[in-house]
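Note sheet for the following structure.
Please read all numbers here as calculations on a predicted model, not as lab measurements.
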Amino acid sequence: MAALLLLLLVSAGVLLSSTEAYNKLPDNYRKGVDLALQQLNSHAGVKHHFLFFKSLLKSDIESGFDVGYIYHNFYLKATKCPKGTVDSMQCKFRNDRPLIDCSVCYKTFAGEIEKDPKPYVHCVHKPALTEDMMTTRVEHCNKMSYHSGTPTLLASKS
C-alpha cells in the first residue's frame, strides 16, 4: 500500500513538473511550443497526447518597434493519454517512446507570431535527429532573421 502511495506521489510530481515547466516559460516561448504541438497533432500517425518536457536552447532578439525573433529548441514527450485529450493533468509520461526534439523559430510583433516570414517548426524523434538536420535548423532560422537586417538569431541566448 505504501509503495502504491509513493508511486502515485511520484507520478503526480512528474505531471506537475511538466505543467510547471511549461507554465514557467515566457509567453513568447509557450506560443512556439503550442505551434509545435499543433503541427504534431495534425499528423494522422500520432496516436498519443504529447506534453512539453524540457527546453534545450532559447534565444530571443528584440529588434525594436515591438518586433522580436524567437528560437526555441525543446523536447516533447508522449503520454499514456490518447491524442486529443483536453485535460492533460491526468496524463502520465510514457517511458517506452523516444523524446521528440523540436526547434521552432518565428517573428513576433506586439507579442503575437507573425505569418510572414512563415514560422519554422521542425520536430523529429530524438534518435533520428542528425547533425545535418541540426545545422539546417540553425541556418534556416538565421536566414529568417537576416531578411529583416537583424543580427544572427542564435547570437543571443537567454
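When the salt bridge (charged side-chain N to carboxylate O under 4.0 Å, His left out) test is applied to R30, the partners found at least two apart in sequence or on another chain are D27. Listed by chain and number, the residues in a salt bridge (charged side-chain N to carboxylate O under 4.0 Å, His left out) with K118 amount to none (sequence neighbours excluded). By the salt bridge (charged side-chain N to carboxylate O under 4.0 Å, His left out) test, E114 pairs with no residue at all, sequence neighbours left out. Scanning for salt bridge (charged side-chain N to carboxylate O under 4.0 Å, His left out) contacts around K77 gives an empty result, with sequence neighbours left out.
Atom CD of residue E112 and atom CG of residue N28 lie 10.5 Å apart, to the nearest 0.5 angstrom. Atom-to-atom distance recorded for C141:SG and I70:CD1 is 11.0 Å, nearest 0.5 angstrom. Separating the OH atom in Y22 from the CG atom in D34 is a distance of 3.0 Å, to the nearest 0.5 Å. Considering OG1 of T108 and CG of D66, their distance stands at 7.5 Å, rounded to 0.5 Å. Here the straight-line distance linking atom CG of D101 with atom SG of C123 works out to 8.0 Å at 0.5 Å rounding. The NZ atom of K80 sits 12.0 Å away from the CZ atom of F93 when rounded to the nearest 0.5 Å.
Both F53 and L51 are part of a single hydrophobic cluster, where members link through side-chain heavy atoms under 4.5 Å apart. Under the 4.5 Å side-chain heavy-atom criterion for ILVMFWY residues, a single connected hydrophobic cluster contains both L25 and I113. A continuous path of hydrophobic side-chain contacts links L35 to L37 [ILVMFWY only; heavy atoms under 4.5 Å].
For residues 42-55, the side chain to side chain donor-acceptor pair (under 3.5 Å) pairs, not counting sequence neighbours, are H48-R94, S55-H72. Sorted by first and then second residue, the salt bridge (charged side-chain N to carboxylate O under 4.0 Å, His left out) pairs involving residues 122-135 (not counting sequence neighbours) form an empty list.
The residues E20 and K24 are annotated as salt-bridged, a charged nitrogen and a carboxylate oxygen being separated by less than 4.0 angstrom.
Between the side chain of S88 and the backbone N or O of C91, no donor-acceptor pair lies under 3.5 Å. Of the possible donor and acceptor atoms, none in the side chain of K107 sits under 3.5 Å from a partner among the backbone N and O of V67. Panel note: side chain K31, backbone G111; a donor-acceptor pair is recorded below 3.5 Å.
Scanning both residues, Y29 and Y71, for their nearest heavy atoms gives CE2-O, 3.6 Å. Closest approach of P119 to Y106, counting heavy atoms only: CB-CB, 3.9 Å. The minimum heavy-atom distance linking L76 with F52 is given by the pair CD2-CA, 3.8 Å. Across V46 and L40, no two heavy atoms sit closer than the pair CG2-O, 3.3 Å. Across V104 and G32, no two heavy atoms sit closer than the pair CG1-O, 3.8 Å. Taking each heavy atom of N41 and K83 in turn, the nearest pair found is O-NZ, 3.2 Å.
Side-chain contact between F74 and L56 is absent, with no heavy-atom pair separated by less than 4.5 Å. Side chains of R137 and N73 form a contact here, defined as non-hydrogen atoms less than 4.5 Å apart.
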